[in-house]
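Because the structure is predicted, anything quoted here is derived from the model rather than measured.
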Amino acid sequence: MAGSLFSSSWYRVKGLKPQLRGQAKIVRHVYRDEVWYVIQDTASGKMLRIDDVAHQALEQLDGRRNVEEIWLQLQENLGDRAPTQDELIGLFTQLHQTNLLLGGNTPDLSEIKERRKKNRLTKIKQYVGNPLALKLPLVDPDRFLTGLVGLFPRGSAKWIMAIWFFGICAGVVQAALNWEPLTLDITSRVFNAQNMLMLWFAFPLLKAIHELGHGIAIKAYGGSCREMGLMFLLFIPVPYVDASSSMMFKNKRHRIVVSLAGMMIEMFVASIAIWVWASASGGPVKALLHEVIILASVTTLFFNGNPLLRFDAYYAFADWLEIPNLAQKSNKYIGYLLQRHVFKVGDDIQAMMTTKNETGWLVFYSIASFIYRMIVAFGIVFAVAQMYFFVGVLLALWAAWTMLIMPLHRVLKELFVGQSLRSVRKRAVTMSTAVFALFAMLITLVPAPSWSMAEGIIWMPENARVTNSIDCFGHSVLVPHGSRVELGQPILRCDDPDLLTQLEKAKSRQDELSARVTFASASDPVQQGVVQAELDFINEEVRVLERKLGEMVIRSPNIGVFYMDAPGDFPGRYFERGSVLGDVVDPKALSLITVVPQSSVALVRENTQHIEIRTSDNPMELVQATMVREVPSATKQLPSLALALQGGGEIGLDPESDPGTGPKALDPLFQFEVRFQDNYMPNTLGNRVFVRFVHQDEPLAEQWYRTIRQLFLKRFAL
């Protein structure tokens, strides 16, 4: 019991004889070992969760006893657990707002009409409240779903789950076996014009199957599904069903299955599509199957499978935590903490009903979900605005209004005129203003570290490569890895048994022909000339073979340190002509080529204090570097494929470029040459590195403004 036992408003309600409406349905739930009750208005679908004390109050609502008698009876039955008069009034107010309570007086037709109007407006706000997902209800699918579930024999659920499980396992195995062709150049394959058209048609069909899974699961567990319609996700019509009736299921596992049923059936479709795709020949059918695989697996898991968004995984996560209305309750709890512990409202605020170990989840979810929703929402807005600028601007304004301005307006209204802060309004306004002013000062006046990030590739002179001039097998490494060598020093030895055999045969033939020339010179001058010509040919062949054998000893191309990847694998391995066997590098000549986008090049040129580098093979080691030179003009030519998305980097390749001209980026880039300080040598050469150009410290507001401005310049060419 919190606050005063008595209420100043009690005289207004104590004589009323409330009664629970006939359409009210009550289900007992257990959350975190505590008993709660979910009460639903079956006519409107509205629900309310109450604790055991409130449930005992509901049992007294028979229309014969007035509110005063009900409260006194609760005091006698519950003792210290009994609600205060304000808490009982609050309960009745919630029941009235949920349309579950009759006040005991003659029904006010104007009030009923006004409530219906308010309910319609509330539903309209729910349907259009999210500009990224507009809802349009169309039909009642309950009868259709009942007939569909009736096609499955009773007791077949276990067999269905077993088939689903083995189907998913088979799909995972097939995806693993075909991983490279399945993911090769996936970005350009998915987002070309032809495949985007397939995507537009396949997406609604898959989502119809997804929603059908929810509906079947609801009917299988005895629920009802009364609403089906279209949700316009970025103007793409997508079917949806209202699965809220599953909240009345007593079994937590049943509620979780209903939430996950859509994803489960989509993943099963993806598994079937993978098998068909693997056996299909090229063409539109294979491309369509690839789109289905991506949509039914990756996008399903990233969106529907993310509990921070209010899709399927959110409801399953809330049921698993046993915290109904997780999003609303977490936001409400943050507000309660502010009012209770920051603004010091005290006993004037009613304590929130929470179960054990619940508060940590509420704080985490409120903060994490808000941040993630903002990132996703603005990411989608920018993506749309790139294709349809005017529509994107309207969408951005709509999203800002519903997700930022309206919530901020409600917060400010509660702060300045809300009843919950009436006793501490001066303190609340003062603290809020001080926090806002402190935050504004921190981001506008206090300098913060500033830097620009880029990726680069370790660059070596052409004469640093150690290559073989003929095909051969590795025999031995003559100098240790990492040792210093001189120009022309033997460093590797190769072998070719066939070459030795050919040389032995050629020398034997050479001896034979030499003897024949000597013999013919005394008896047949003509024959001597013929044999001499053949001998000259064999002599040339011997010289070529001996030269090749000499090239089996590979010598250092310059002065420096010898580096070789996996020297233990060299003996016995076959190398084609021109293979890179290692490197001889002079640390003073070693440099790094990094590419910087046009949006950051001015800052890198004019405001770089120093340069820090981390290598991909040892990211924990920080290496200092200095600028050597800059290529003055922008170019799309990449110095290495390792910087592209296909090589593990971050730069997208131009799909229309000629493959024979080397990798080319989608957007022009500026190249800078950077050199390690103190003759630093990385463990491996030719790898991708991460370069940070550290600038002069500047306030966060200035950095954010520059980032947003550059984003608009890049995306919209403003």
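In this structure, CE on M453 lies 11.0 Å from OG on S600, to the nearest 0.5 angstrom. One finds the CD atom of Q624 at 11.5 Å from the CZ atom of F676 (value rounded to the nearest 0.5 Å). The line from CG of L362 to CD1 of I323 is 5.0 Å long, rounded to the nearest 0.5 Å. The line from CZ of R573 to SG of C472 is 11.0 Å long, rounded to the nearest 0.5 Å. How far CD of E455 is from CG of L669: 11.5 Å, rounded to the nearest 0.5 Å. With rounding to the nearest 0.5 angstrom, the OG atom of S369 is 6.0 Å from the CG atom of N331.
Annotation for M441: atom CE does not count as buried by contact number, only 12 or fewer foreign heavy atoms lying within 6.0 Å. The environment of R692 atom CZ is dense: over 12 non-hydrogen atoms of other residues, nucleotides or ligands sit within 6.0 angstrom. Environment of CZ in R605: crowded, with over 12 heavy atoms of neighbouring residues, nucleotides or ligands closer than 6.0 Å. Residue-environment remark: CD (Q328) exceeds the threshold of 12 foreign heavy atoms within 6.0 Å. The local environment of OH in Y574 is crowded, with over 12 non-hydrogen atoms from other residues, nucleotides or ligands closer than 6.0 Å. Within a 6.0 Å radius of OH in Y372, other residues, nucleotides and ligands contribute more than 12 heavy atoms. No more than 12 heavy atoms of other residues, nucleotides or ligands sit less than 6.0 Å from atom CD of Q598.
Looking at heavy atoms from C-beta onward, N468 lies in side-chain contact with I554 at the 4.5 angstrom threshold. In this structure, the side chains of P699 and W704 stay at 4.5 Å or more apart for every pair of heavy atoms. Between T594 and I457, the closest side-chain pair of non-hydrogen atoms is not below 4.5 Å. By the 4.5 Å heavy-atom criterion applied to side chains, C494 and H475 are not counted as neighbours. Taking the side chain as every heavy atom from C-beta outward, R706 and S450 approach each other to under 4.5 Å. Within the 4.5 Å cutoff, the side chain of V479 has no heavy atoms near those of the R484 side chain. Residues P557 and V466 form a side-chain contact, since some pair of their non-hydrogen atoms from C-beta on lies under 4.5 Å apart.
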**Prompt:** Does the ring-ring contact (aromatic ring centres under 6.0 Å, His included) test come out yes or no for W361 and F317, once each step is laid out?
**Reply:** CA-CA 11 Å; W361 284 111; F317 184 62; 5.6 Å; yes
- Test log, rule side chain to side chain contact (heavy atoms under 4.5 Å, CB included), inputs D583 and R465: CA-CA 5 Å; D583 300 281; R465 300 291 188 187; 3.0 Å; yes
Next on the checklist: Run D667 and K636 through salt bridge (charged side-chain N to carboxylate O under 4.0 Å, His left out) and show every step you take.
Outcome noted: CA-CA 6 Å; D667 301 313; K636 289 188 175 183; over 6 Å; no
Stepwise salt bridge (charged side-chain N to carboxylate O under 4.0 Å, His left out) test for R675 and E673: CA-CA 7 Å; R675 186 158 293 167; E673 184 178 353; 3.5 Å; yes
- request: Apply the test side chain to side chain contact (heavy atoms under 4.5 Å, CB included) to residues E612 and F690: give CA-CA distance (whole Å), side-chain angles for both, the deciding distance (0.1 Å), then the verdict.
  value: CA-CA 8 Å; E612 299 173 347; F690 306 100; over 6 Å; no
What verdict does the side chain to side chain contact (heavy atoms under 4.5 Å, CB included) test give for M552 and I470, after you've listed the backbone C-alpha separation in whole Å, the side-chain angles of each residue and the deciding distance to 0.1 Å?
CA-CA 8 Å; M552 290 293 176; I470 58 173; 3.5 Å; yes
Yes or no on side chain to side chain contact (heavy atoms under 4.5 Å, CB included) for V477 and L492, after CA distance, side-chain angles and deciding distance? CA-CA 5 Å; V477 180; L492 296 170; 3.9 Å; yes
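No donor-acceptor contact under 3.5 angstrom links the side chains of S259 and D312, judged on distance only.
Between D697 and P449, the shortest heavy-atom contact is OD1-CA, 3.5 Å. Counting all heavy atoms, side chain and backbone alike, V584 lies closest to N558 at CG1-OD1, 3.1 Å. Shortest non-hydrogen contact noted between T635 and Q637 is OG1-N, 3.1 Å. Counting all heavy atoms, side chain and backbone alike, I293 lies closest to A270 at CG1-O, 4.2 Å. Taking all atoms of both residues into account, the shortest heavy-atom contact from E266 to L295 is OE1-O, 4.0 Å. Across D471 and D496, no two heavy atoms sit closer than the pair O-OD2, 3.9 Å.
T467 places no side-chain N or O within 3.5 Å of a backbone atom of V580 that could act as its donor or acceptor partner. Formation of a donor-acceptor pair under 3.5 Å by the Q703 side chain with backbone atoms of E698 is found in this model. Side chain of T608 to main chain of V604: a donor-acceptor pair is present (N/O by atom type, distance under 3.5 Å, no hydrogens or angles). Between the side chain of S366 and the backbone N or O of V363, no donor-acceptor pair lies under 3.5 Å. A side-chain donor-acceptor contact under 3.5 Å links R577 to the backbone of S469. Side chain of N304 to main chain of A313: no donor-acceptor pair is present (N/O by atom type, distance under 3.5 Å, no hydrogens or angles). Between the side chain of H695 and the backbone N or O of N607, at least one donor-acceptor pair lies under 3.5 Å. Side chain of D495 to backbone of F473: no donor-acceptor contact under 3.5 angstrom is found. Judged by distance alone, with hydrogens and angles left aside, the side-chain atoms of S330 form a donor-acceptor pair with the main-chain N or O of A327 at under 3.5 Å.
With sequence neighbours left out, the side chain to side chain contact (heavy atoms under 4.5 Å, CB included) criterion links H409 to K413.
The aromatic rings of W277 and H290 are tilted relative to each other, their planes meeting at an angle between 30° and 60°. Taking the six-membered ring where the residue is Trp, Y365 and Y314 present tilted rings, their angle falling between 30° and 60°.
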